**Q** 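Provided herewith is a single structure, encoded as structure tokens, for subsequent inquiry.
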Amino acid sequence: MKPYRRERGVLVMKFGGTSVAGAEQMMQVARIVADAVGEGDRVLVVVSAMSGVTDALLAACRLAVLGDGEGASGAISAVEARHRAVIDALGQPGDLAFEIERECADVRAVLASVSVLQEITPRGMDRVAAAGELMSSRILAALLDGQGGGTRWVDARRVLVTDDRFGAAVPVGSTQGAVAREIQPALDDGRVAVVGGFVGATEAGITTTLGRGGSDYSAAIFGAALDAREIQIWTDVDGMLTADPRVVPDAQPVGRLSFDEASELAYFGAKVLHPSTILPAVEKNIPVRILNTLRPGSPGSTITATPAGEGRPLTAIACKRNVTVVEVTSTRMLLAHGFLRRVFEVFELHATSVDVVTTSEVSISMTLDDDRRIESIERDLAGFAAVQVARGMAIVSAVGDNLRLDPSTAVGVIAALGRLPLRMVSQAASRRNVTVVLSDADVPAAMSRLHDEFFAAAGAAR
Ligand code: ADP
Ligand code: ASP
Ligand code: MG
């Protein structure tokens with residue numbers, strides 16, 4: 001690697017699971033990082049677990065809860081073997097193999113006790129889930145170190161300080177000081193710092209995680225703490241696309257979008273960005289770019305405070321599949337004073353958040369992403385209202401800053417959906433989205449009709 005030149009500032013580069021899925025992919029990441037260092041940036045690399053590893057770790061937890069200690073231990077051995085194979089392919093030295101072995105031994109010990117108790121706490125689950133990022137980050141750090149120029153591996157648990165909401169931890173103020181202590185000096189020395197995403201720890205040092213897909217959020221938290229000049233999210237697509245490519249195969253990259261648009265798209269299901277990612281970036285006004293690891297030359301998407309303009313009616317459409325709709329009807333004729341408060345208190349009590357809300361004279365409809373506590377919620381609501389639950393529903397959301405400027409676009413969105421039955425329709429105060437709730441089975445039709453209507457002609461020009 002070429003020596004760094006200080007003037008360019010700090011660049012945070014986050015690589016997702018598919019970007020570090022194996023030895024070849026890691027080598028590609030190393031090339032991309034070397035290029036950035038060569039350009040004179042001081043680089044913090046944030047890395048996800050190798051693809052599929054977090055799922056495998058959580059599956060091992062489930063086996064242990066069923067009392068299948070052997071199965072759980074076997075699952076960890078498979079994870080270990082996968083990491084060892086990468087280390088071997090990269091020709092990395094024995095120390096690293098030892099670290100991987102030790103990490104897996106710790107996880108096995110947790111799972112052994114889980115399988116005896118046949119119960120796992122959220123805290124135990126976070127300890128297991130964190131192993132993926134702890135291992136991938138060590139491997140990548142060793143690989144980058146081998147290229148010369150100096151690297152520092154940072155244990156995420158020493159720098160991302162969170163509260164103790166295991167599984168959905170939120171960073172606390174002392175993260176700033178920890179980053180200044182543990183990461184900044186390495187960058188100032190011209191070294192590349194490497195840290196696992198998704199993982200943090202409480203003030204007392206207990207391992208936490210930020211929730212699925214949380215490495216993007218880690219990158220933004222570190223970016224804000226370091227006053228980075230840019231936060232880059234490197235993934236397996238060409239940027240934020242006009243629609244989920246798994247549903248609309250001809251979706252096109254969106255070149256520029258605003259923080260507000262990106263937040264709404266992420267919130268309504270654009271998985272390429274964790275919904276909390278934008279917040280720290282907004283606070284420090286740091287541009288976020290989404291880039292493709294396999295095609296580093298492609299322009300990707302740039303997300304900034306400024307609306308992109310360009311006269312496009314919509315920026316992109318997103319969908320959140322398999323949500324549950326809860327309809328609560330007041331047993332009185334009208335929504336009585338205090339009714340909404342009582343309804344939301346029930347959701348609060350069961351720590352369940354609602355996404356889309358619509359009301360009528362006598363009823364309120366809500367969507368839930370996480371319906372694990374639905375039975376208790378239903379029971380509590382039934383004390384003062386009639387409740388109906390519909391599973392297998394989906395949210396489709398059309399997003400764009402320009403929706404505020406031209407009200408006819410909202411009409412066009414509904415018209416494009418034709419006769420598909422809509423369960424809920426909403427346009428929030430931001431007037432940046434038009435959102436409908438429909439049957440999950442209708443998602444492919446709804447998304448492709450909207451995409452044809454608003455994006456087909458625009459094509460690559462976007
Ligand atoms: P990573 O492992 O890099 O974090 P993710 O799987 O979390 O990657 O996110 C990237 C995936 O998000 C893409 O492969 C794509 O299938 C999905 N996706 C959903 N909606 C969008 C969208 N609007 N634009 C881009 N990708 C999207
Ligand atoms: N490895 C974690 C997950 O699979 C976090 C991430 O990839 O962002 O959810
Ligand atoms: Mg992701």
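Everything quoted here is computed from the prediction, not taken from an experiment.
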**Q** Please tabulate, for the side chains in residues 45-55, all donor-acceptor contacts under 3.5 angstrom to protein atoms that are two or more places apart in sequence or on a different chain.
**A**
| unit_1 | atom_1 | unit_2 | atom_2 | d |
| --- | --- | --- | --- | --- |
| Ser48 | OG | Ser215 | OG | 3.2 |
| Asp55 | OD1 | Arg212 | NH1 | 3.1 |
| Asp55 | OD1 | Arg212 | NH2 | 3.0 |

**Q** Would a 4.5 Å heavy-atom cut-off, applied to side chains only, mark Phe454 and Pro313 as touching?
**A**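 They are in contact (side-chain heavy atoms under 4.5 Å apart), so the answer is yes.
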**Q** For Leu273, is there any backbone N or O sitting under 3.5 Å from a side-chain donor or acceptor partner on Thr277?
**A**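 No: the side chain of Thr277 does not pair with the backbone of Leu273.
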**Q** Quick one: does Asn285's side chain get under 4.5 Å of Phe259's, heavy atoms only?
**A**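 Yes, side chains in contact.
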**Q** With a 3.5 Å distance limit and no angle check, can you tell me whether Asp440 reaches the backbone of Gly392 through a side-chain donor-acceptor pair?
**A**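 Here the side-chain-to-backbone pair does not exist.
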**Q** Show the nearest heavy-atom pair for residues Ser137 and Val194, with the distance to one decimal.
**A**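 Residues Ser137 and Val194, closest heavy atoms: O-CG1, 3.6 Å.
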**Q** Decide yes or no for Thr358 and Ile364: does some side-chain heavy atom of the first lie under 4.5 Å from some side-chain heavy atom of the second?
**A**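 Thr358 does not reach Ile364 side chain to side chain.
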**Q** Do any N or O atoms from the side chain of Arg373 and from the backbone of His350 form a donor-acceptor pair under 3.5 angstrom?
**A**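 Yes; at least one donor-acceptor contact below 3.5 Å.
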**Q** Evaluate side-chain hydrogen bond (donor to acceptor under 3.5 Å, both in side chains) for Asn433 paired with Thr435, printing each intermediate quantity in order.
**A** CA-CA 6 Å; Asn433 72 72; Thr435 297; 2.6 Å; yes
**Q** Can you tell me how far CD of Glu453 sits from CG of Leu314, rounded to the nearest 0.5 angstrom?
**A**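 Here the interatomic distance stands at 9.5 Å.
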**Q** Verify whether one side chain among Ser298 and Asp238 offers a donor that lies under 3.5 Å from an acceptor in the other.
**A**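 The answer is yes; a qualifying pair exists.
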**Q** When you look at Arg312 and Glu261, which way does the salt bridge (Lys or Arg N to Asp or Glu O under 4.0 Å) test go after all the steps?
**A** CA-CA 13 Å; Arg312 59 190 179 200; Glu261 290 173 326; 3.5 Å; yes
**Q** Can you tell me which residue among Met240, Arg289, Arg256 is in a side chain to side chain contact (heavy atoms under 4.5 Å, CB included) with Ser301?
**A**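 With Ser301 as partner, side chain to side chain contact (heavy atoms under 4.5 Å, CB included) holds for just one option, Met240.
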**Q** Short question: side chain of Ser448, backbone of Pro444 - any donor-acceptor pair under 3.5 Å?
**A**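 Side chain of Ser448 to backbone of Pro444: a pair is present.
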**Q** Output yes when a side-chain donor or acceptor of Ser258 lies under 3.5 Å from a complementary backbone atom of Pro307, and no otherwise.
**A**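 No, Ser258 side chain to Pro307 backbone: no donor-acceptor pair under 3.5 Å.
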**Q** Quiz question: by atom type and distance under 3.5 Å, do the side chains of Asp126 and Thr207 form a donor-acceptor pair?
**A**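 Thr207 and Asp126 do not have a side-chain donor-acceptor pair below 3.5 Å.
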**Q** Could you work out, with side chain to side chain contact (heavy atoms under 4.5 Å, CB included) as the rule, every residue matching Ala390, not counting sequence neighbours?
**A**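 Per chain and number, Ala390 pairs via side chain to side chain contact (heavy atoms under 4.5 Å, CB included) with Val325, Met393, Arg423.
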**Q** May I have the step-by-step check of salt bridge (Lys or Arg N to Asp or Glu O under 4.0 Å) for Arg127 and Glu103, ending in yes or no?
**A** CA-CA 10 Å; Arg127 177 61 195 88; Glu103 185 59 33; 2.9 Å; yes
**Q** Is it the case that the side chain of Arg431 and the backbone of Asn402 share a donor-acceptor pair, with hydrogens and angles ignored and the cut-off at 3.5 Å?
**A**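 Checking the backbone N and O of Asn402 against the side chain of Arg431, no donor-acceptor pair under 3.5 Å is found.
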**Q** Below 4.0 angstrom, N of the basic side chain to O of the carboxylate: do Asp244 and Arg321 qualify?
**A**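 Answer for the salt bridge query: no.
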**Q** Less than 3.5 Å apart, any donor N or O on the side chain of Thr242 or Gln252 sitting next to an acceptor on the other?
**A**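 Checked: Thr242/Gln252 side chains show no N/O donor-acceptor pair below 3.5 Å.
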**Q** Using modelled atom types only, decide if a donor and an acceptor are shared between the side chain of Asp41 and the backbone of Val43 within a distance under 3.5 Å.
**A**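 Side chain of Asp41 to backbone of Val43, a donor-acceptor pair under 3.5 Å: no, none is there.
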**Q** Distance alone, cut at 3.5 Å: any donor-acceptor contact between the side chains of Asp406 and Ser408?
**A**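 Yes, Ser408 and Asp406 have a side-chain donor paired with an acceptor closer than 3.5 Å.
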**Q** Side-chain donor-acceptor pair under 3.5 Å between Asp164 and Thr202, yes or no?
**A**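 No pair is found: no donor N or O on one side chain lies under 3.5 Å from an acceptor on the other.
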**Q** Return the set of residues passing side chain to side chain contact (heavy atoms under 4.5 Å, CB included) with Ala243 (not counting sequence neighbours), or none when no residue passes.
**A**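 In terms of side chain to side chain contact (heavy atoms under 4.5 Å, CB included), with neighbours along the sequence ignored, Ala243 is linked to Val248, Ala251, Ile317, Met447, His451.
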**Q** Would you mind reporting whether Thr175 and Val159 have side-chain heavy atoms less than 4.5 Å apart?
**A**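 Counting from C-beta outward, Val159 and Thr175 never come under 4.5 Å.
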**Q** Kindly confirm or rule out a cation-pi arrangement of Lys14 over Phe222, judged by NZ or CZ under 6.0 Å from the six-membered ring centre and within 45° of its axis?
**A**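 Output no; distance or angle outside limits.
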**Q** Measuring only between side-chain heavy atoms, which start at C-beta, is Val387 closer than 4.5 Å to Val326?
**A**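 Heavy-atom side-chain distance check passes, below 4.5 Å.
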**Q** Kindly write out the residues that satisfy ring-ring contact (aromatic ring centres under 6.0 Å, His included) with Tyr217, not counting sequence neighbours, or none if the list is empty.
**A**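 Result, ring-ring contact (aromatic ring centres under 6.0 Å, His included) vs Tyr217: His274.
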**Q** Can a donor-acceptor pair be found between the side chains of Thr208 and Thr162 at a distance below 3.5 Å?
**A**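 Thr208 vs Thr162: donor-acceptor pair found between side chains.
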**Q** If the test is salt bridge (Lys or Arg N to Asp or Glu O under 4.0 Å), which one of Arg158, Arg152, Arg157 qualifies with Asp155?
**A**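 Testing Asp155 for a salt bridge (Lys or Arg N to Asp or Glu O under 4.0 Å) against Arg158, Arg152, Arg157 leaves exactly one candidate, Arg157.
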**Q** Is the shortest side-chain heavy-atom distance between Arg229 and Leu11 below 4.5 Å?
**A**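 A side-chain contact exists here, since the closest heavy-atom pair is under 4.5 Å.
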**Q** Has Arg449 got a side-chain atom pairing as donor or acceptor with Leu417's backbone, closer than 3.5 angstrom?
**A**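 Checked: pair present.
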**Q** So, using side chain to side chain contact (heavy atoms under 4.5 Å, CB included) as the criterion, who are the partners of Val172 when residues are at least two apart?
**A**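 Val172: side chain to side chain contact (heavy atoms under 4.5 Å, CB included) contacts with Val161, Asp163, Ser174, Glu203.
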**Q** Could I get the full list of ring-ring contact (aromatic ring centres under 6.0 Å, His included) partners for Phe15, not counting sequence neighbours?
**A**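 Scan of Phe15 (ring-ring contact (aromatic ring centres under 6.0 Å, His included), adjacent residues dropped) gives Trp234.
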**Q** Between Gln92 and Ile139, is there a donor-acceptor pair closer than 3.5 Å when you use the side chain of the first and the backbone of the second?
**A**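 Yes: the side chain of Gln92 pairs with the backbone of Ile139.
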**Q** For Ala224, is there any backbone N or O sitting under 3.5 Å from a side-chain donor or acceptor partner on Lys284?
**A**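 Yes, the answer is positive, given that a donor and an acceptor are paired below the 3.5 Å cut-off.
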**Q** Is there a side-chain contact between Arg432 and Asp401, using heavy atoms and a 4.5 Å cut-off?
**A**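 Arg432 reaches Asp401 side chain to side chain.
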